[in-house]
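Below: one structure, written as structure tokens.
Both ligands and their constituent atoms are indexed starting at 1 by order of listing. These numbers come from the heavy atoms of this one structure, side chains and all, not from hydrogens, waters or symmetry mates.
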Amino acid sequence: MLILAVETSCDDSAVALLDGCRVIAESVATQIVVHSSHGGVVPELASRQHLEILPGLVEEVLAEGGLKGIRDLDVLAATAGPGLLGSLLVGLSWTKAAAWSSGTRFLAINHLAAHLHIHYSHEHPVEFPAVALLASGGHTSLFSMSSWEDIQLLGATRDDAAGEAFDKTAKLMGLGFPGGAELDTAAEAGDPTAVRLPAPLPDPALPEFSFSGLKTAARLQWEGGAELHDLSASFRKVIVDVLLSKLLHQANEIGAKSVLAAGGVVSNSLLRSELRRRCSIAGLSLHLPAGSHAVDNAVMVGRAAAAVLDRTPEASSPMNVNAFARWTGSFLEPLCT
Ligand code: KG4
Ligand code: ZN
């Protein structure tokens with residue numbers, strides 16, 4: 001089952017070719033250079049960039065997979081939301097048009113479900129029940145999973161996402177864009193106990209997060225003269241501690257066998273090492289994506305489509321499916337109808 005997957009929910013244009021959940025080829029074009037002089041993603045520029053970049057990426061991926069064109073595919077899949085509407089509309093409209101003109105089946109995919117589906121694999125199946133952490137620039141959420149068909153939201157952030165807090169604090173300290181990775185690097189040379197920061201919503205039993213107060217506390221420390229590396233290390237540690245304590249509490253509550261980690265913040269070096277260490281102590285099987293598959297990519301969209309097709313081989317999305325900015329449900333489904 002040859003699937004071409006398209007992801008344009010924010011500032012990364014990404015295309016992947018998969019045979020079921022096996023990756024044949026993938027290509028990602030980040031727009032960092034375009035947005036860095038503005039200190040953040042400019043939505044209209046992101047949409048225009050997707051429009052320019054996407055056709056080239058598709059050609060590249062099809063050529064690498066030895067395909068002549070769209071007609072050789074079985075399914076076309078694209079992210080429909082949540083994300084930046086202008087960006088989503090480019091990938092979604094391009095994919096619908098390609099599907100319609102070639103008579104190929106079309107699937108509209110939920111971006112959050114796609115992040116978790118980076119772990120959908122026949123070779124390394126997830127043992128359920130599982131708890132999933134999704135920590136990205138737009139979302140910080142915990143899910144409980146009794147199977148791939150039953151993904152239930154436990155709780156999410158009440159304000160900023162963890163990635164947003166990393167990015168905004170990095171910007172405040174004059175680090176580059178996107179700031180999460182820069183702050184992570186700066187933290188390596190700092191003392192995580194040097195700067196006192198409040199643990200945000202620290203109750204491990206509460207599966208919700210809040211990072212805006214922490215961001216303000218970091219700003220006050222910065223304005224009060226805190227040293228850059230020490231503040232970065234302290235800030236990173238508070239976020240990692242709160243993510244892990246809530247994740248592991250929920251794992252214990254539901255008797256989880258596995259932990260799934262997904263989203264750009266999962267590239268964070270301390271979060272990765274602590275996830276490995278603490279899941280090993282707790283006897284949990286950890287599914288941790290490579291850094292390139294933690295951040296936005298199209299393989300996750302392709303695997304979400306593969307999961308839909310494994311479950312319902314004749315599945316398809318209607319051609320009038322729309323892009324959406326926010327997801328507000330409690331059960332997460334990969335397919336948008
Ligand atoms: O999943 P993603 O690519 O896009 C969204 O769906 O939001 O996540 C991007 C986020 C950004 O906020 C970025 O700063 C953060 O992931 N990020 C990191 C690291 N690398 C990327 N945050 C902390 N440490 C990192 N090493
Ligand atoms: Zn994402």
Side-chain angles (χ1 to χ4, degrees), residues 5-14 28-32 35-36 39-41 43 46 78-84 87-88 91 109-119 132-141 156-157 160-173 175-188 190 192 209 211 214-215 218 232-233 235-244 260-275 288-301 303-304 324-327 332 334:
V6 172
E7 157 62 40
T8 62
S9 66
C10 189
D11 61 337
D12 293 313
S13 317
V28 182
T30 63
Q31 303 178 6
I32 289 172
H35 301 288
S36 56
V41 176
T79 306
L84 297 176
S87 288
L88 289 162
I109 298 293
N110 180 301
H111 181 75
L112 307 185
H115 266 298
L116 302 190
H117 278 78
I118 195 63
H119 301 297
L133 168 69
L134 170 56
S136 69
H139 300 89
T140 304
S141 310
T157 181
D160 290 358
E164 191 179 352
F166 270 116
D167 292 341
K168 288 185 177 157
T169 303
K171 188 174 177 183
L172 170 83
M173 296 193 293
L175 296 171
F177 166 83
E182 300 278 339
L183 192 151
D184 190 16
T185 306
E188 291 297 310
F209 304 92
F211 295 109
L214 174 65
K215 208 179 57 189
S232 300
F235 184 79
R236 179 177 74 165
K237 184 168 184 330
V238 170
I239 293 188
V240 168
D241 282 350
V242 81
L243 292 176
L244 271 161
L260 276 66
V265 175
V266 169
S267 309
N268 187 274
S269 48
L270 181 66
L271 180 56
R272 295 178 80 81
S273 60
E274 283 296 285
L275 273 167
L288 192 60
S292 60
H293 283 167
V295 293
D296 289 347
N297 65 91
V299 169
M300 65 188 199
V301 178
R303 291 205 174 131
F324 59 98
R326 286 197 175 76
W327 178 77
L332 189 60

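Ligand 1 has no N or O atom lying under 3.5 Å from any N or O atom of Gly263, backbone or side chain. The shortest N/O to N/O separation between Gly180 and ligand 1 falls below 3.5 Å.
Of all the heavy atoms of Asp167, the ones lying under 4.0 Å from any atom of ligand 1 belong exclusively to the side chain. Neither the backbone nor the side chain of His139 has a heavy atom within less than 4.0 Å of ligand 1.
Of all atoms in ligand 1, listed by their number and element, those nearer than 4.0 Å to a heavy atom of Gly163 are 12 (O). Listed by number with element, the atoms of ligand 1 under 4.0 angstrom from any heavy atom of Phe166 are 22 (N), 23 (C). Heavy-atom contacts of His111 reach the following atoms of ligand 1: 6 (O) (cutoff under 4.0 Å). Listed by number with element, the atoms of ligand 1 under 4.0 Å from a non-hydrogen atom of Gly137 are 5 (C), 7 (O), 8 (O), 9 (C), 10 (C), 12 (O).
Residues Phe235 and Phe166 meet the side-chain proximity criterion, which asks for heavy atoms closer than 4.5 Å. Taking 4.5 Å as the limit, some side-chain heavy atom of Cys10 sits within range of a side-chain heavy atom of Asp296. You'll find the side chain of Glu164 stays beyond 4.5 Å of the side chain of Thr140, heavy atoms only.
Proximity of a side-chain donor or acceptor of Asp160 to a complementary backbone N or O of Ala165 within less than 3.5 Å is not detected.
Of all protein heavy atoms, the one lying nearest to atom 24 (N) of ligand 1 is Asn268 ND2, 3.0 Å. Distance from atom 26 (N) of ligand 1 to its nearest protein heavy atom, with residue and atom name: Asp184 OD2, 3.0 Å. Looking from atom 17 (N) of ligand 1 to the surrounding protein, the closest heavy atom is Gly264 O, 3.5 Å.
Rounding to 10 degrees, one finds that the Zn ion (ligand 2) sits at the corner of an angle of 100° between Asp296 OD1 and His111 NE2.
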* Worked check of side chain to side chain contact (heavy atoms under 4.5 Å, CB included) between Ile118 and Asn297 -> CA-CA 9 Å; Ile118 195 63; Asn297 65 91; 3.8 Å; yes

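The nearest N, O or S atom of His139 is not closer to the Zn ion (ligand 2) than 2.8 Å.
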